[in-house]
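Atoms considered below: every heavy atom in the structure, side chains included; atoms not considered: hydrogens, waters and symmetry mates.
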Amino acid sequence: MKTKLFKILVLFFPIVILGQVHKEKEVNDQFQTWVSLNSVTKFSEHWGIAADIHLRSNDFFQDTNFFLLRGGIAYIPNSKFSFTGGYAHMWLEPKNPAWTTFSDENRIYQQVQMNTKSGNVSILQRLRNEQRWQEIIVDDAESGKNKFSNRVRYLISVTIPVFKKKTAPSLVISDELLLQFGKEIVYNTFDQNRFFVGIKQAINPKLSFDFGYMNVYQEKSSGYQYDMNHTLRLFFYLNASLKAKKAAAPVVPATSGQN
């Protein structure tokens, strides 16, 4: 019985897959620039405010791709973990070059972040869940309707010291996988993957940045169209405190909020 069931599944699986491939795959290569400021400001020993601002443009600031603001409350029990929840708003440029109406996107998000070390190598892992309401634009006008999806994101980032001198830049390699779910998500449960390689440099004890190349591979709602974004990325990270210094409090570094 089990053998027969296995044979049926083997025969049926390719049919299901082929049935979903309704058109030949199309990949659109484009070049973008992405800058952001990501911050965590502590107002007590275990609580802080997370905030970041992002601007992504096509080519080298020729025109805006999106603009995003995000804020939240962070609970930081120790130096390894942080838990954050909050709200974000994004303004997305129209996909049709002839249109001028930007699409609004409202998000609620929850995330957990873990920071560990293996020797001198720092490892950051983050799991984020987002509820997204994306405004639908019809004929360059607001339709009053939204597309809802729930998106799950997993990020792993590794910082590797290359030089003995602590003030010298370190190597950063990261990857983030984004999956989305919902009634209106039919062909693109896989939303995108973001791979980054670059350097991380401290400016002072509170402020640092990373700079390098990010490849964003994103599937469109059609299921056969993809964007391959070659991105020049510059992210700043600010860790501040509003409380008076007493005993050393746990600090979880601000990390790439991305969009």
Sidechain-backbone polar pair: [X] side chain, [Y] backbone, donor-acceptor under 3.5 Å:
| X | Y | answer |
| --- | --- | --- |
| Ser103 | Glu135 | yes |
| Thr64 | Phe66 | no |
| Ser208 | Gln201 | no |
| Lys117 | Asn120 | no |
| Asn188 | Asp191 | no |

Same apolar cluster (I L V M F W Y, side chains within < 4.5 Å links), [X]/[Y]:
| X | Y | answer |
| --- | --- | --- |
| Ile173 | Met114 | yes |
| Val162 | Phe211 | no |
| Leu238 | Leu55 | yes |
| Tyr87 | Ile53 | no |
| Leu127 | Val158 | yes |

**Message:** Centre-to-centre under 6.0 Å for Phe102 and Trp91, is that the case here?
**Reply:** no

Taking only distance into account, with no hydrogens and no angle test, what donor-acceptor pairs under 3.5 Å do side-chain atoms of residues 25-34 form with protein atoms, sequence neighbours excluded?
| unit_1 | atom_1 | unit_2 | atom_2 | d |
| --- | --- | --- | --- | --- |
| Lys25 | NZ | Tyr217 | OH | 2.7 |
| Asn28 | ND2 | Gln30 | OE1 | 3.4 |
| Asn28 | ND2 | Asp227 | OD1 | 3.3 |
| Asp29 | OD1 | His230 | NE2 | 2.9 |
| Gln30 | NE2 | Asn229 | OD1 | 2.6 |
| Gln32 | OE1 | Arg56 | NE | 3.1 |
| Gln32 | OE1 | Asn229 | ND2 | 3.4 |
| Gln32 | NE2 | Asn58 | OD1 | 3.0 |
| Thr33 | OG1 | Asp59 | O | 2.7 |
| Trp34 | NE1 | His54 | ND1 | 3.2 |

**Asked** Other hydrophobic cluster members with Ile185, side-chain heavy atoms of Ile/Leu/Val/Met/Phe/Trp/Tyr under 4.5 Å, chained?
**Response** none

**Prompt:** Quick one: hydrophobic cluster around Phe148, which other residues, with the 4.5 Å side-chain cut-off, linked directly or via members?
**Reply:** Ile108, Trp133

Out of curiosity, [X] [atom1] to [Y] [atom2], how far, rounded to the nearest 0.5 Å?
| X | Y | atom1 | atom2 | answer |
| --- | --- | --- | --- | --- |
| Gln192 | Leu178 | CD | CG | 4.5 Å |
| Asp210 | Ser170 | CG | OG | 11.0 Å |
| Ser174 | Leu124 | OG | CG | 9.0 Å |
| Leu179 | Asn193 | CG | CG | 9.5 Å |
| Ser39 | Lys206 | OG | NZ | 12.5 Å |
| Thr101 | Glu93 | OG1 | CD | 12.5 Å |

Can a side-chain donor-acceptor contact be found between [Y] and [X] if the only test is distance below 3.5 angstrom?
| X | Y | answer |
| --- | --- | --- |
| Gln111 | Arg128 | yes |
| Asp140 | Asn96 | no |
| Tyr237 | Asn239 | no |

Contact check, side chains of [X] and [Y], non-hydrogen atoms, under 4.5 Å:
| X | Y | result |
| --- | --- | --- |
| Ile199 | Leu171 | no |
| Lys80 | Gln113 | no |
| Val172 | Ser157 | yes |
| Gln180 | Arg132 | yes |

**Item:** Gln110/Gln131 under side-chain hydrogen bond (donor to acceptor under 3.5 Å, both in side chains): CA gap, chis, key distance, verdict
**Value:** CA-CA 9 Å; Gln110 312 82 36; Gln131 296 77 50; 2.8 Å; yes

**Message:** Is there a salt bridge (charged side-chain N to carboxylate O under 4.0 Å, His left out) between Glu184 and Lys147? Walk through the geometry before answering.
**Reply:** CA-CA 7 Å; Glu184 296 171 280; Lys147 174 183 176 181; over 6 Å; no

**Message:** Test side-chain hydrogen bond (donor to acceptor under 3.5 Å, both in side chains) on Tyr154 and Gln125; report intermediate values, then the result.
**Reply:** CA-CA 7 Å; Tyr154 172 70; Gln125 296 181 77; 2.5 Å; yes

**Item:** Plane angle bin for Phe83 and Phe81 - parallel if under 30°, tilted between 30 and 60°, otherwise perpendicular
**Value:** parallel

Closest heavy-atom pair and its distance - [X], [Y]:
| X | Y | result |
| --- | --- | --- |
| Phe163 | Pro169 | CD1-O, 3.6 Å |
| Val152 | Phe181 | CG2-CE1, 4.2 Å |
| His46 | Pro77 | CE1-O, 3.3 Å |

**Request:** Show the numbers, then the answer: is there a side-chain contact (heavy atoms from CB on, under 4.5 Å) between Ile123 and Ser118?
**Result:** CA-CA 8 Å; Ile123 303 169; Ser118 178; 4.2 Å; yes

**Request:** For ring-ring contact (aromatic ring centres under 6.0 Å, His included), just list the numbers for Tyr75 and Trp47, CA-CA rounded to whole Å, side-chain angles, deciding distance to a tenth of an Å, and then say yes or no.
**Result:** CA-CA 5 Å; Tyr75 173 61; Trp47 292 92; 4.9 Å; yes

**Message:** I need the single residue from Asn38, Thr84, Asp52 that forms a side chain to side chain donor-acceptor pair (under 3.5 Å) with Arg70. Which is it?
**Reply:** Asp52

**Message:** Let's go through Glu130 and Arg153 carefully: what are the C-alpha distance in whole Å and the side-chain angles of both, what is the deciding distance for side-chain contact (heavy atoms from CB on, under 4.5 Å) to 0.1 Å, and is it a yes or a no?
**Reply:** CA-CA 8 Å; Glu130 300 172 323; Arg153 307 166 52 161; 2.8 Å; yes

**Message:** Under the criterion side-chain contact (heavy atoms from CB on, under 4.5 Å), I'd like the reasoning laid out for Arg107 against His89: C-alpha separation, chi angles, the key distance, then a yes or no.
**Reply:** CA-CA 6 Å; Arg107 298 182 191 175; His89 189 91; over 6 Å; no

**Request:** Run the numbers on Trp99 and Ile137 for side-chain contact (heavy atoms from CB on, under 4.5 Å), then give the verdict.
**Result:** CA-CA 10 Å; Trp99 292 3; Ile137 304 298; 4.0 Å; yes

**Message:** Can you tell me if Asp63 has over 12 outside heavy atoms packed within less than 6.0 Å of its CG?
**Reply:** yes

**Message:** Ring of Phe196, cation from Arg233 - is the NZ or CZ under 6.0 Å from the centre and inside 45° of the axis?
**Reply:** yes

